[in-house]
Peer 1: 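Quick one: the structure is below, and I'll ask about it shortly.
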Number of protein chains: 2
Amino acid sequence: MYIDIDFNSDEAIYIQLRNQIFMAIATSQIREGESLPSVRALADDIGVNMHTVNKAYTTLRQDGFLKVDRRRGAVVAVDVNKAVSLAKMRDYLRPLIARGICKGLSREEFKKLIDEIYDELQ
Amino acid sequence: MYIDIDFNSDEAIYIQLRNQIFMAIATSQIREGESLPSVRALADDIGVNMHTVNKAYTTLRQDGFLKVDRRRGAVVAVDVNKAVSLAKMRDYLRPLIARGICKGLSREEFKKLIDEIYDELQ
DNA sequence: CTAATTGTTATACCAATAATATAACAATTA
DNA sequence: TAATTGTTATATTATTGGTATAACAATTAG
């Protein structure tokens, strides 16, 4: 796992970490059933406190991306519920699209961005 | 302007306010060149402190959605720079799309969401 | 001209969050 | 048996979010 954290970012470290784990799963760098590094190992690796990594793992577990097994640690296990996922994604996207409309972005430009990011993540 | 704030949300009030102003501009409830309520009036209206509204206005100004005129207050004036807007939107969307891919959302489902939200905002 | 309202700035305070630092526990593993 | 695991607890520091007053210069309304 190649995690790179920007310590000067205004984005919280545990959020950056969570987003990079999203990307690692989306790009199949980590696959379903595989284990993430232990909280201590990853914290040591990227140079942050154990609890910061633990917070990222905890939110990922609560949002249904990981399951924690005593024996195997944090294992990628994605709970899939299309309806719920679509509803949440709609709420995430709404203010972003409103912002884009203000700036004159068309729906075609948004769809092109979708395609580009999809291609980038595969 | 119909602003409704959820005081139990974990989303900051000034962020909720900013998002609703995005939506008001996107849906043409407020139009280019029109003024927003004064910080004091809007704060009084929604029952928050003046500085909370001021913070929302300040970020909107810094991001090129408002200009402040001594005479006319906070006026909707969107700075349009397609290249910059697209680049920023790409960065906003990337972690969201990664999240969606983890949950099994296809690019077609994303594009459908784009269309639905666009329709909703018009 | 006067009084009120505007955006803006400054200061102070409180609560919540982010991040760190130790430390300990039970369960598992080598 | 010793080391490592996730987890929990406590404490501390810095930052952020929100509130509360207050004041200033510029503008506007009466």
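Here is how names work: the chains are called A, B, and so on, in the same order as the sequence lines, proteins then strands, and each is numbered from 1.
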Peer 1: With a 3.5 Å distance limit and no angle check, can you tell me whether A:S35 reaches the backbone of A:R72 through a side-chain donor-acceptor pair?
Peer 2: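 Side chain of A:S35 to backbone of A:R72: a pair is present.
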Peer 1: Quick one, B:L36 and B:L42 - any side-chain contact, counting heavy atoms below 4.5 Å?
Peer 2: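 With C-beta onward as the side chain, the pair stays apart.
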Peer 1: Below 4.0 angstrom, which residues in residues 8-16 of chain B have at least one non-hydrogen atom near DNA chain D?
Peer 2: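 Listed by number, they are B:A12, B:I13, B:Y14.
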Peer 1: To the nearest Å, how far apart are A:Q62 CD and D:dG6 C1'?
Peer 2: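 So the two atoms are 15 Å apart, to the nearest Å.
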Peer 1: Within this structure, what is the CG-to-C1' distance between B:L42 and C:dT5, rounded to whole angstrom?
Peer 2: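 Rounded to the whole Å, the gap is 16 Å.
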Peer 1: Salt bridge or not for B:R99 and A:D63, using N-O below 4.0 Å?
Peer 2: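 Salt bridge between B:R99 and A:D63, a charged N being under 4.0 Å from a carboxylate O: yes.
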Peer 1: Please give me the minimum heavy-atom distance between A:C102 and B:F65, naming the atom from each residue.
Peer 2: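 Closest approach of A:C102 to B:F65, heavy atoms only: CB-CE2, 3.6 Å.
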Peer 1: Would a distance-only check, ignoring hydrogens and angles, find a side-chain to backbone donor-acceptor pair under 3.5 Å from A:Q16 to A:D6?
Peer 2: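 A pair under 3.5 Å: yes.
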Peer 1: Bend angle of the helix from C:dC1-D:dG30 to C:dA30-D:dT1 from five-pair axes at both ends, rounded to 10°?
Peer 2: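 Axis angle across the helix from C:dC1-D:dG30 to C:dA30-D:dT1, nearest 10°: 30°.
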Peer 1: Looking at side-chain heavy atoms only, is the closest gap between A:Q20 and A:Y2 below 4.5 Å?
Peer 2: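 The answer is no; the side chains never approach within 4.5 Å.
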Peer 1: Identify the heavy atoms of B:V80 and A:K103 that sit nearest to each other, and give their distance.
Peer 2: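 Nearest pair, atom of B:V80 first, then A:K103: CG1-O, 3.8 Å.
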Peer 1: Rounded to the nearest Å, what distance is computed from the CZ atom of residue B:R40 to the P atom of nucleotide C:dT9?
Peer 2: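 These atoms are roughly 13 Å apart.
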Peer 1: So that I can tick it off, tell me whether A:R107 and B:D119 are bridged by a salt bridge, with the cut-off set at under 4.0 angstrom between side-chain N and carboxylate O.
Peer 2: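 Salt bridge between B:D119 and A:R107, a charged N being under 4.0 Å from a carboxylate O: yes.
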Peer 1: What heavy-atom pair brings B:F7 and B:V48 nearest, and what distance separates the two atoms?
Peer 2: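 Reported closest heavy-atom pair: CE2-CG1, 3.6 Å.
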Peer 1: Please list, by residue number, the residues of residues 43-61 of chain B whose heavy atoms come closer than 4.0 Å to an atom of DNA chain D; answer none if no residue qualifies.
Peer 2: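 Within residues 43-61 of chain B, the residues near DNA chain D are B:V48, B:N49, B:M50, B:H51, B:T52, B:K55.
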Peer 1: Verify, without hydrogens or angle tests, whether A:E109 (side chain) and B:L86 (backbone) share a donor-acceptor contact under 3.5 angstrom.
Peer 2: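 Here the side-chain-to-backbone pair does not exist.
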Peer 1: Quick check on C:dT6: is either OP1 or OP2 less than 4.0 Å from any side-chain nitrogen or oxygen of B:S38?
Peer 2: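 So the side-chain polar atoms of B:S38 do come within 4.0 Å of the phosphate oxygens OP1 or OP2 of C:dT6, strictly under.
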Peer 1: Just how far, in rounded Å, is C1' of D:dT15 from CZ of A:F7?
Peer 2: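 Interatomic distance, CZ of A:F7 to C1' of D:dT15: 17 Å.
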Peer 1: Using a 4.5 Å cut-off on heavy atoms from C-beta on, say whether the side chain of A:S85 contacts that of A:K82.
Peer 2: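 Side-chain contact under 4.5 Å: no.
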